[in-house]
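Naming convention: chains lettered A, B, ... in sequence-line order (proteins, then strands); numbering from 1 in each chain.
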Amino acid sequence: MRVKAHTAEIRRALFAVLTTFCILGCRSGSDDTVSSDEMVYYGTTSRIRGFDPVKAGDVASSIAASKVYEGLFQYAYLDRPYHVEPLLAESLPSVSEDGLTYTFTVRKGIYFQDDPCFVETDGKGRELVAEDFVYAIKRISDLKNESTGYWVFNDRIVGLDEFREASGSEDPTDYTVAIEGLSALDRYTLQLKLKRPYPQLLWILTMHYAFAVPREAVEYYGDEFLNHPVGTGPYILKTWRRNYRIEFVRNPKWVETGRVELYPGSTDPADGDAGLLADIGHPLPFIDRIVQRVVDDPSTQWLMFLQGEIESSGISRDNWDVVITDGNNLTGELKERGIRLLKAVTLDLYYIGFNMDDPIVGASDDPDADARHKKLRQALTCAFNTAEWIRFHNDRITRPTGPVPPGVAGYADKDPMFPFDLARARQLLRDAGYPDGQDPATGRRLILTLELGSAQSPEFRQSTELFASFMNELGVVIEASYNNWPTFLGKMDRRQAQMYRLGWVADYPDAENFLQLFYGPNSSPGPNHSNYVNPDFDALYEKARIMQDGPERTELYARMADIVIDDCPWIFTATPLSYGLHHAWIRNYKHHDFPYGMIKYYRIDMDRRKKEDTQ
Amino acid sequence: MSTQMDNVSAESRSLWGDAWRRLRKNRLALWCLVVVVIYTVTAFYGEVQYRYYQFKDEQPSYQRPDLDSQYLAPSLTRVLKGEDRAGRSVVKELLRHPCGTDGLGRDVLARLVQGTRIAFLVGIVTSIIAIPIGVILGCLAGYFGGKVDDFIVWLYTTMASIPGLLFILAIAMVVGQGLLGVYLGIGLTTWVGLCRLIRGEVIKHKSSTYVTAARALGLGHARIIFRHILPNVFHIVIVTFTIRFPQAISTEVFLSFLGIGVQGEPSWGIMISNSRLRLWQGVWWEMTFVTIAIFLVVLAFNLLGDALRDALDPRLREAG
């Protein structure tokens, strides 16, 4: 999933102080009429687009949608390495021998929440059937829905691409059309037929793009469906005030229909030590009500956390010094309050990309020029001062060694091919035809333009200036060109950027998700924004993407990564470490790279919170 | 008549000389003038510095990060091998950071100077855009009246009814983020007030005897407007300039603060935005010095504007 290359988004900064007062005064305000023994989770969220799984392309919207909707599978909460377990499916699918036909059995006795859209049953939620998944996948494919998620099924399912093509016509899309590869064999049996093996399919089916959606709701609400989620999940949407506040409450249908989900066990003793196993076998969800506010300003968020207004918080660069001691531990005051610090490596990758279509930094048909341009990219990579970059980010990041982040198969823990080395960078730059950065065409220093998504976050702006100063050491001038987010994406899609700064958050724990960013046919407007084309790489990718997990595939991944590192279409800048702070009363929290729907496992120790409140 | 006599004697001094004489009597205004001059010199120095680095094709010193000296408090020296808690000998090093350093270890004072340069550029360039528009349209409307007047009044009423900030944002979106957007955004939205004033004043002067005389001599409209009427209403332009100058600066500051103004250069707005994050931890200097800088320049210009209005008001001339 594409993300902005900074974590904190500040838009309403001017009103930061105002909001603080407002929020501090609000907890007991008119919004929160909850009884005192109700278990309420207070949190923050980024702005979300809505609850339609088809349109939830960003992380915040997906997390919101996954409280209400569910898919066939989910990640096993405590288990590492990640694996999937059935959620709305009865069991793992039966797969044909050639790996092309998947047959799923949908669980019986799962009901959608009550909603006026179920006209036939007088507003009572009906039972979930296999056809709901067929419908959901068809919706993703419908061109009229402009979904950002079609890539997960693109060129995968027999007949689906034809359906997509037909949906582009003027007439309303006909959802009754039978698709060979996507069918409900009976009320509870779903069958997918693939064009070629798709080893990542089960990961995909945990994603919001494959969540069960009732057709009645889509037709009843029309365009308003975005604001009226109707799902099977543990929570239902109570109120949503756009860009301000979201509130969910426990889905009463679970109790009504006797649906029981239990807190999972774990074989890892570390989970026991972390207190994650106290609730084994207890029914989910624990929390009755979830209240999330949109708080853009990081310092406001931080103050809210200190006040106990929200349960968890990240640590921004500017709060680092007061929160973390030299030994990477919490400072005394926070420790005394029982606040816990949880560290984890994320599956995110931040980078500065070169546009390979660009006449200066990109690839060229002339082999001589091509080699020189490659040297230029390598020179800039060598000039990237990792130590300073990490220092600027207060050790909250590590430098990736290549396109495959640590934590997935194919990651190679080896020395980078182009580590920070100014002498070598200068040599490479000379070989590239720019001695000391002098551009022979102008007689002045070489100027490269770096496209950026937004100028609003001070940290983002400062780090961009820091990057420019690294390149300045080489004698290369980086001109920062700030855009708003849509303009920035537009420039990418039209291949107008020379260099750009972006990040990628894994969609599933498979290196393929990162390597597809370098696959030629995925060039802009696809996710390969660098428009990197390398026939060797493409051949390996095509081979690897239909292979099941195994050492052979991991070996291919490593080879592909080496090709990319040598060609330098990206300067790999950071894999962030996740440092989360959690109040003492929040229980069962374990960092997960795909935290969609995981809130059902969290519990709040009400006694502990009350004690804290009275202090 | 005695007043007639006074007028004649006053006429013997030039309008500007007379204004200057009265301004000099106002101590506060003189101090403001001194402040404005200091700022102007600073801005000029900043411009020279900027041009120098442009010419040398080097990264300016005020942009060069030095992570070793992040967030140093305002001080002229720093403890090098400190750990004086451990009781070791203390070696001090001369630092030239009277206003401290920012998050990338850059000198706040040097960036303040550059911020002054940007602020003055914005103030001057937007005036160059806005004042001619206001003056010309105001003169035309006031002098010709009728259809021309109707049209111009309609034009500026329409302009005035668009919320200024929205208009500026729209322009910044069209021409792209950066100084050009700020110039055009502020320049094209702030001529209305001046235009109104000039129009009113020209209407007054149109029926005065010297204009009638000029007409009787058969002079052209352009000559009457620009050679005869305009000099008599020019004090309004001066006063408006001093009032709108600080307004333009503040607008630039908050545009930059919001991230739609100046990019890649140390503007005051960007400095405030950067310093905001650490403020609650006691990193007060960047915010404080920028705020003082803005406060002083806005105050000085406003007081000076008031004093100038009094000094240049022809009706108060007898009092001098």
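Between the side chain of B:Arg64 and the backbone N or O of A:Ser469 there is no donor-acceptor pair closer than 3.5 Å.
Here B:Asp102 contributes atom CG and A:Gln462 contributes atom CD; the two are 6.0 Å apart, rounded to the nearest 0.5 Å.
The nearest pair of heavy atoms linking A:Arg461 to B:Ile270 is NH2-O, 3.7 Å. Closest heavy-atom contact between B:Gln59 and A:Asn472: OE1-ND2, 2.9 Å. When all heavy atoms are compared, the tightest approach of A:Glu465 to B:Arg111 is OE1-NH2, 4.4 Å. Taking both residues in full, the closest heavy atoms of A:Phe392 and B:Leu67 are given as N-CD1, 3.9 Å, listed atom of the first, atom of the second, then distance.
By the 6.0 Å contact criterion, CZ on B:Phe44 is open, its count of non-hydrogen atoms from other residues, nucleotides or ligands being 12 or less.
We find that B:Glu58 and A:Arg445 are not joined by a salt bridge, their nearest charged nitrogen and carboxylate oxygen being 4.0 Å or further apart.
For the pair A:Arg391/B:Asp68, a side-chain contact is recorded, criterion being any heavy-atom separation below 4.5 Å from C-beta on.
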